[in-house]
Amino acid sequence: MYNTNKSYFSKSLLHWYDSNKRDLPWRKTNDLYKIWLSEVMLQQTRVDTVVPYYLQWVEKYKSIRSVAKADYQKLLKLWEGLGYYSRCKNFHKACIITANDYDGEIPSDYLKFRALPGVGDYIAAAVFSIGLKQTYPAIDGNVKRVMARVLRIKNITKRNKKRIRNTLIKWMDPERPGDINQALMDLANRICRVDHAHCSICPIDEICMAEKMSIPESYPAKVKKKVTPHKEIVAGIIWQGEKFLITKRPENALLGGLWELPGGEIESSETPIGALRRQIKEECDIDINIGKKVGYVKHAYSHFKITQTLFQCQTQESVKSMNKEYRWITPIEVNNYPFPKSNHKLFNILNSDGWNV
DNA sequence: TAGCCGTGGAG
DNA sequence: TCTCCAAGGCT
């Protein structure tokens, strides 16, 4: 059974892959650094979103050493808009460790690579299978779904993950482990989709137990999502002459290391203006004059939503105390700092309405 | 271990 | 407009 399946699985999957694979930039390279980078960027992020970020990055930073030497804020500016910013931080850290401890090359020991920050089971397996042709199954959400259907697994428990891993190790063609891994992910994306499995064109339908039951979409079982809370946020564009104030978010928080217009959450007992005045007093120990409301934007993060209202403000005082880094910048200098998407939405309003009114 | 961590596209 | 979710990892 296993031997029959092993032969069918790899042969059929690779045959399909060879005639259907997408032409992606990181598939043109054998550079482990670039394969690694692409896998970090692809984490929870669609291929079409990643491609332009990947191309910009490898144009500017051509090696692990060049990333290790780079100014982190410059890396973050390249990452701006891609989301999950701790990936960028961890990749930078990992490149520094690699430059210092491994002579700038990815360690040949799998466990040493796996131990680097931001490198988990999936990324380690992807890099070692694609770049070094070692037989590690790269098990991401796609592969879990396909294998849950093939093996008719309802819940992705720890035990079932082990089952999927062991099955793949048995079935993978050791000559082409990287292609097997990529083929499974491509197949998941184009054929074995979440809400619709196109079994009639699937190359491995013959060994799929869920397909035999004619209910592939019910595998694996969906997990209920929690309702996302909503927060009211206020921000100020605080002018002093031709410049306004921006502050840097703490490294280990949401949007860590990115810059933003100062402000914060409106407490239930507060008005937006009262909240803004309090936030700025607490954060900078300065008093501000709050002028007209510029507008508001809505934005959704991974686990909550916000409505962010922006006010024009003025101050004559200089910042007396601040726990964070801050700068006074002109509108043109926005291009020099990484900002979260919600702030860019506010900047877009200012771009059409005028910045300082 | 389940919650935290962004953004944009699909439907 | 709203929900779901996509080449995961960390704590």
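Every heavy atom of this structure was used, including side-chain atoms; hydrogens, water molecules and symmetry mates were not. Per chain, numbering begins at 1; letters A, B, ... match sequence-line order. Bear in mind that the values here come from a model prediction, so they are computed numbers and not experimental data.
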Whole-Å distance separating the [atom1] atom of [X] from the [atom2] atom of [N]:
X	N	atom1	atom2	value
A:N343	B:dG6	CG	P	14 Å
A:Y301	B:dT7	OH	P	6 Å
A:D195	C:dC5	CG	P	7 Å
A:K225	B:dC4	NZ	C1'	14 Å
A:K298	B:dG8	NZ	P	17 Å
A:H299	C:dC2	NE2	P	15 Å
A:Y85	B:dG6	OH	P	7 Å
A:K305	C:dT1	NZ	P	12 Å

Identified ring pair (Phe, Tyr, Trp, His ring centres under 6.0 Å) partner of A:W26 from the options A:Y33, A:Y54, A:W36: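 Only one option passes, and that is A:Y54.
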Centroid-centroid under 6.0 Å between A:F113 and A:Y110 rings: no
Whole-Å [atom1] distance, [N] and [M]:
N	M	atom1	result
C:dA6	B:dC5	C1'	14 Å
B:dT1	C:dG8	C1'	15 Å
C:dC5	B:dG6	C1'	13 Å
B:dG11	C:dA7	P	14 Å
C:dT1	B:dG8	C1'	15 Å

Using only heavy-atom distances, determine whether the side chains of [X] and [Y] contain a donor-acceptor pair under 3.5 Å.
X	Y	answer
A:Y122	A:E39	yes
A:K89	A:N252	yes
A:W259	A:E80	no

Nearest-nucleotide 5' precedence on DNA chain B, A:K345 against A:N252: A:N252
The single option from A:L75, A:N100, A:I64 passing side chain to side chain contact (heavy atoms under 4.5 Å, CB included) against A:C95: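 Only one option passes, and that is A:I64.
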Between protein and nucleotides 6-9 of chain C, what N or O pairs are separated by less than 3.5 Å?
residue: C:dA7; atom: OP1; partner: A:N142; partner atom: ND2; Å: 3.1
residue: C:dA7; atom: OP2; partner: A:N142; partner atom: OD1; Å: 2.2
residue: C:dA7; atom: OP2; partner: A:N142; partner atom: ND2; Å: 2.8
residue: C:dA7; atom: O5'; partner: A:N142; partner atom: ND2; Å: 2.6
residue: C:dA7; atom: O4'; partner: A:D140; partner atom: OD2; Å: 2.9
residue: C:dA7; atom: N9; partner: A:Y122; partner atom: OH; Å: 3.4
residue: C:dA7; atom: N6; partner: A:W26; partner atom: NE1; Å: 3.4
residue: C:dA7; atom: N6; partner: A:R27; partner atom: NH2; Å: 3.4
residue: C:dG8; atom: OP1; partner: A:G141; partner atom: N; Å: 3.3
residue: C:dG8; atom: OP2; partner: A:Q44; partner atom: N; Å: 2.7
residue: C:dG8; atom: OP2; partner: A:Q44; partner atom: NE2; Å: 2.9
residue: C:dG8; atom: N2; partner: A:Q43; partner atom: NE2; Å: 3.4
residue: C:dG8; atom: N3; partner: A:Q43; partner atom: NE2; Å: 2.8
residue: C:dG9; atom: OP1; partner: A:G120; partner atom: N; Å: 3.1
residue: C:dG9; atom: OP1; partner: A:I123; partner atom: N; Å: 2.9
residue: C:dG9; atom: OP2; partner: A:Y122; partner atom: N; Å: 3.2

4.5 Å side-chain heavy-atom contact, A:S342 and A:L255: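 A:S342 vs A:L255: side chains apart.
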Can you see if the side chain of [X] gets near the phosphate of [N] - specifically, an N or O under 4.0 Å from OP1 or OP2?
X	N	result
A:H303	B:dC5	yes
A:K341	B:dG8	yes
A:K158	B:dT1	no

A:K77 NZ/CZ over A:Y337 ring centroid, <6.0 Å and within 45° of normal: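 No, A:K77 and A:Y337 do not form such a contact.
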Sugar-phosphate only, base, or nothing, as touched by A:G81 at under 4.0 Å among non-hydrogen atoms: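 Answer is sugar-phosphate: A:G81 comes under 4.0 Å of backbone atoms only.
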